[in-house]
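Worth knowing before you read on, the calculation uses all heavy atoms, side chains too, and leaves out hydrogens, waters and symmetry mates. The first residue of the sequence shown is numbered 1, and numbering continues consecutively from there. Quick caveat: nothing in here was measured; it's all calculated off a predicted structure.
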Amino acid sequence: MEGNPLLPLPKGMRIEQMQASENEVKVVVIATHPTSCCPLCHEPSNSVHSRYQRIVRDTPCGGRRIQLLLTVRKFFCRNSLCKRKIFTERLADLVASSARMTIRLSSQVASIGLATCGKGGTRLAARLGMQTSRSSVLRRIMALPAPSYPSAVQLGIDDFAFRRGFRFGTILVDLERHRVIDLLPDRQAETAAQWMREHPDISVVSRDRGGEYASAASQAVPWVTQSADRFHLAKNLTEATQLLLARCQAEVLAASQAGEGEQGEPKELVRELRPLEPAQVKKARLARREGRLARYQEGEKLQKLGLKPKEIAQRLGLSDRTVQKWVAAGTFPEAKQRRRKASSFDAFTPFLLKRWKEGERKGAKLVGELREQGYQGSERTVYRYLQALKQTEGKSSSPNPRLPQYSANTAVWLFVRNFDSLGEVEQEDLTALRQARKVLDKAYRLVQEFFSMLHKRQGHRLEQWLAKVAKSDLPELQQFARGVQRDKAAVQAGLTWQINNGQVEGQVTKLKLLKRTMYGRAGFALLRQRVLHAF
Ligand SMILES: [Zn+2]
């Protein structure tokens, strides 16, 4: 390195002059090497053709911006076999050809960009004496070469949403090193398979239960052991249980008509079922329809007995408006098909319900507690929910002893959680539900058995469990079991090994945070760069 100790320069470059002002230092630099190599034939040449000046920005020094005024030479290539007649000397260690900042400045800007990636980035750079613009920061990030990692032996793969529910990508995690190793722009089997083909060192793929990644792995790296992720197994079983409960609701209701006074009608209220798969959406909708139909028929009966709409509504736990509509229509009104949007509130309903059951009625206090739990949505939503709870409660003070009033998707949590983790009231309610119907008791035992197998890593019990389900008369669990059967080796691995996609979920969460701090609607390519170069 020649030059000033504060401003090191590559060999063959010399500082000729410096001109300092308050914020900036202009440095005149010349190349001193008598020869330069032709970039095409690599033959050195000493015949200077001409000189010109380039101005490039460099890393700041002592808080001042640095501008290099480089005198660059053009040479004749004297190699008669070479196509190139004239070439510009390369300053490869200092600045790329036609770049306007030095390599070292560029890398600093990229680091600032990766760390901030927002407007703050350009402001921070300015503070540090680097003049730059948003688009320049972005270009620097995009220009970073993909980091090379040692190949992942245990691969975790999952999808993530760019925009919730609209576009999905794939995240690939090295499960041993806890690092994101790549992002893919979609979640298609072919895309994932292509990636796996390029990474044949993988020995284990931990993935969800969706067929895409499974088929990608079977196609591309058939020798690899696949492991079904426990979280996804738990989720699938929970969904199956929910369907089962939705179906039973209708049956419980029908039974309450027959066995007068023994059972009150559990109301499907408050929060609707929100399954993920289209086929299941349909199934759940039909189950709900059955419930509604049963209530409608009971309403019809009550009307025949001479009850007024208001009284019918009270007995059935429905709003006056609904019953009025029924009466006006004269026939069973089919529900409009709609899909409720997922709301950030959903995650908090179990907590709210629990507090409500514990006797907390003050809206403001409950809102406060939800805030502490991390709820960031509107108060209105909470109050609407509490209103619904209050109505349910008012109506349940019927003379009939009642079954605990749960919708299928709140009751499901009683079924899948560990009994000891339930509150006292929840435990009582669960026991009541199990006693009310044999089906529910059987389902509960099977569901709990599966979860215990899952938590205790007892994959060897899977076969036995599947046999029990096959013999049961629970179509929803049988459906789940058929899915398991199709993917049995991977499920067994998932239930047995330590490996799982928990950290992949964590990486997805980090990725979401990263996305939030990015420039506007930054695209996939930028997101990928940021994730892969994250500190
Ligand atoms: Zn040449």
Mark yes or no for whether [X], through its side chain, and [Y], through its backbone, hold a donor-acceptor pair below 3.5 Å.
X	Y	result
Glu360	Lys362	yes
Trp356	Leu386	no
Arg530	Leu114	yes
Thr170	Asp159	no
Gln478	Val469	yes
Gln458	Met453	no
Arg417	Ser421	yes

Closest non-hydrogen atom pair between [X] and [Y], with its separation:
X	Y	answer
Ala217	Met196	CA-SD, 3.5 Å
Met142	Gln529	O-NE2, 3.5 Å
Asp473	Lys442	OD1-NZ, 3.0 Å
Glu176	Val153	OE1-CB, 3.5 Å
Ala220	Ala193	CB-O, 3.3 Å
Ala192	Leu184	CA-CD1, 3.8 Å

Could you tell me which residues satisfy side chain to side chain contact (heavy atoms under 4.5 Å, CB included) with Gln427, sequence neighbours excluded, listed by chain and number? Phe419, Leu422
Thinking salt bridges, do [X] and [Y] make one under a 4.0 Å N-O criterion?
X	Y	result
Glu426	Lys354	no
Asp182	Arg528	yes
Asp429	Lys357	yes
Arg355	Glu369	yes

Hydrogens and angles aside, do [X] and [Y] bring a side-chain donor and acceptor to less than 3.5 Å of each other?
X	Y	result
Thr381	Ser378	yes
Arg445	Gln448	no
Gln226	Ser218	yes
Glu198	Gln194	yes
Ser206	Asp229	no

Do [X] and [Y] make a side-chain contact, defined as non-hydrogen atoms from C-beta onward lying under 4.5 Å apart?
X	Y	value
Asp487	Arg207	yes
Val137	Thr122	yes
Leu462	Lys488	yes
Leu430	Arg434	yes
Asp186	Phe524	no
Val439	Cys248	yes
Val205	Ser227	no
Arg187	Asp158	no

Test ring-ring contact (aromatic ring centres under 6.0 Å, His included) applied to Phe415 - qualifying residues, sequence neighbours left out: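 By the ring-ring contact (aromatic ring centres under 6.0 Å, His included) rule, Phe415 matches Tyr444.
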Trp195: what forms a ring-ring contact (aromatic ring centres under 6.0 Å, His included) with it, not counting sequence neighbours?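 Scan of Trp195 (ring-ring contact (aromatic ring centres under 6.0 Å, His included), adjacent residues dropped) gives His199.
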Please report whether the ring centroid of Phe450 lies less than 6.0 Å from that of Phe480. yes
With sequence neighbours excluded, tell me which residues meet salt bridge (Lys or Arg N to Asp or Glu O under 4.0 Å) with [X].
X	value
Arg197	Glu190
Arg486	none
Arg177	Asp174

Test Val447 against Leu477 for side-chain contact (heavy atoms from CB on, under 4.5 Å), laying out the working first. CA-CA 9 Å; Val447 169; Leu477 294 190; 4.3 Å; yes
For Trp497, is the NZ or CZ atom of Arg457 found under 6.0 angstrom from the centre of its six-membered ring and inside 45 degrees of the ring axis? no
Check the pair Val180, Leu172 against side-chain contact (heavy atoms from CB on, under 4.5 Å), reporting the backbone distance first and the verdict last. CA-CA 6 Å; Val180 178; Leu172 298 140; over 6 Å; no
Given Val484 and Leu466, is the side-chain contact (heavy atoms from CB on, under 4.5 Å) satisfied, shown in steps? CA-CA 9 Å; Val484 168; Leu466 288 172; 4.0 Å; yes
Using the rule given for side-chain contact (heavy atoms from CB on, under 4.5 Å), can you reason through Leu155 versus Val173, listing the C-alpha separation, both sets of side-chain angles and the distance that settles it, and then say yes or no? CA-CA 6 Å; Leu155 179 72; Val173 176; over 6 Å; no
